[in-house]
Amino acid sequence: MYLCKRKTNKFRNLATLIFLNIAILSCSFSPVNSDSEIIVSKLKFDLSVPEKIKNNLSIFVKENEASSTEVNIMKFEFKENNFYGGENLGSLESEVVGSIQVNILNDEEHTKKISSSRRFNTQSLNPLAQKELEKLMRVEIIEDLNKKIVLYLKTHEDK
């Protein structure tokens with residue numbers, strides 16, 4: 001009798017796992033299709049915007065005079081913050097924050113400041129390793145800002 005209960009529990013658990021897998025896979029949902037293009041009449045960049053953001057947006061954003069939307073991307077900046085503490089007041093943590101302003105002009109004006117930040121522990125890092133890690137964080141922040149800008153533009157696209 002013990003073996004029969006064990007087999008039924010095994011099949012019940014297997015059936016539950018299969019049902020959960022089907023339910024999770026069937027509910028996969030993508031809010032933004034990265035294959036589609038965003039159509040605007042003009043796309044302008046400030047001098048502070050890095051080339052990597054310009055190149056990425058040129059892939060997703062296409063200019064067409066038929067659109068009534070104008071996009072201005074400006075005021076890109078990085079800020080680095082160090083948090084000090086401990087017995088010898090050394091740097092415990094560093095934070096790199098990147099921000100950019102996106103201005104959308106169509107029937108009305110929409111302005112949004114998009115930012116991304118990364119924190120990392122610097123207690124066990126020497127100054128050279130800390131500088132290299134900051135460079136890596138800057139690259140990650142630019143990639144994250146690219147994604148956020150495309151998402152923001154996608155939500156304000158002409159219908």
Side-chain angles (χ1 to χ4, degrees), residues 17 19-86 89-159:
L17 285 174
F19 174 74
L20 285 175
N21 281 336
I22 291 172
I24 290 172
L25 291 175
S26 66
C27 292
S28 66
F29 161 82
S30 177
V32 175
N33 186 2
S34 63
D35 295 337
S36 64
E37 296 177 341
I38 301 168
I39 308 293
V40 298
S41 64
K42 285 187 182 178
L43 180 63
K44 295 181 185 176
F45 295 102
D46 193 3
L47 293 175
S48 64
V49 178
E51 284 296 319
K52 191 165 185 176
I53 291 179
K54 291 178 186 178
N55 294 338
N56 186 40
L57 288 180
S58 67
I59 295 170
F60 291 106
V61 179
K62 301 298 178 194
E63 292 185 15
N64 188 352
E65 294 298 323
S67 176
S68 64
T69 304
E70 183 178 325
V71 177
N72 297 322
I73 298 177
M74 58 191 135
K75 296 181 184 176
F76 176 80
E77 59 183 20
F78 272 119
K79 291 182 184 176
E80 296 177 13
N81 299 321
N82 291 319
F83 301 100
Y84 296 95
L89 291 179
S91 174
L92 296 176
E93 225 176 30
S94 283
E95 178 182 46
V96 180
V97 179
S99 63
I100 196 165
Q101 185 173 335
V102 179
N103 189 4
I104 299 176
L105 300 165
N106 47 14
D107 298 335
E108 53 189 53
E109 184 175 343
H110 300 282
T111 302
K112 182 171 184 171
K113 187 172 185 178
I114 299 173
S115 65
S116 178
S117 67
R118 299 286 188 269
R119 276 190 159 188
F120 55 95
N121 188 359
T122 59
Q123 260 182 317
S124 60
L125 296 177
N126 62 28
L128 182 61
Q130 183 175 347
K131 290 292 181 194
E132 290 299 316
L133 194 55
E134 285 176 3
K135 287 180 187 176
L136 180 69
M137 293 298 132
R138 284 176 178 246
V139 170
E140 286 185 13
I141 287 172
I142 287 176
E143 290 173 0
D144 190 41
L145 284 174
N146 277 330
K147 292 175 187 174
K148 288 181 179 181
I149 291 170
V150 169
L151 180 65
Y152 181 67
L153 292 177
K154 193 70 177 160
T155 58
H156 287 286
E157 188 178 19
D158 285 341
K159 304 296 184 231

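Note: hydrogens, waters and symmetry copies are ignored here, and every other heavy atom, side chains too, is used.
Atom NZ of Lys113 is separated from atom CG of Asn103 by 14.0 Å, given to the nearest 0.5 angstrom. Note that CD1 of Ile100 and OG of Ser48 are 7.0 Å apart. Values are rounded to the nearest 0.5 Å. Rounding to the nearest 0.5 Å places OG of Ser41 at 8.0 Å from CD of Glu63. To the nearest 0.5 angstrom, Ser117 atom OG is 11.5 Å from Phe78 atom CZ. In this structure, the separation between NZ on Lys154 and CD1 on Ile38 is 5.5 Å, given to the nearest 0.5 Å.
Nearest approach of Val96 to Glu80, heavy atoms of both residues: CG2-CG, 4.4 Å. Looking at every heavy atom in both residues, Ser115 comes nearest to Ser99 through CB-CB, 3.9 Å. Among all heavy-atom pairs drawn from Ile141 and Val97, the shortest one is CD1-N, 4.3 Å. What you find for Ile114 and Lys148 is that their closest heavy atoms are CG2-CB, 3.6 Å. When all heavy atoms are compared, the tightest approach of Asn146 to Lys52 is ND2-O, 4.0 Å.
Judged by distance alone, with hydrogens and angles left aside, the side-chain atoms of Asn126 form a donor-acceptor pair with the main-chain N or O of Ala129 at under 3.5 Å.
Within the 4.5 Å cutoff, no side-chain heavy atoms of Met74 are placed close to those of Lys44. Looking only at side-chain heavy atoms (C-beta outward), Leu105 and Lys42 stay at 4.5 Å or farther from each other. Residues Thr69 and Ile39 have side chains not in contact (no heavy-atom distance under 4.5 Å, counting atoms from C-beta outward). Here the side chains of Leu153 and Val61 are in contact, with some heavy-atom distance below 4.5 Å. Side-chain contact between Tyr152 and Ile104 is present, with heavy atoms from C-beta onward closer than 4.5 Å. Contact of the Arg118 side chain with the Asp144 side chain is registered, since non-hydrogen atoms from C-beta on lie closer than 4.5 Å. In this structure, Phe76 and Leu145 have side chains that are in contact, with non-hydrogen atoms separated by less than 4.5 Å. The shortest side-chain heavy-atom distance between Thr122 and Asn82 does not fall under the 4.5 Å cut-off.
Taking a 6.0 Å sphere around NZ of Lys54, one finds it holds more than 12 heavy atoms contributed by other residues, nucleotides or ligands. At most 12 heavy atoms of other shown residues, nucleotides or ligands fall within 6.0 angstrom of atom NZ in Lys112.
Residue Glu132 forms a side-chain contact (heavy atoms from CB on, under 4.5 Å) with just one option from Gln130, Lys135, Glu134, and that option is Lys135.
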Evaluation steps, side-chain contact (heavy atoms from CB on, under 4.5 Å), between Leu43 and Ile73 | CA-CA 8 Å; Leu43 180 63; Ile73 298 177; 4.1 Å; yes

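The pair Glu95-Lys79 fails the salt-bridge criterion, with no side-chain N (NZ, NE, NH1 or NH2) lying under 4.0 Å from an Asp/Glu carboxylate O.
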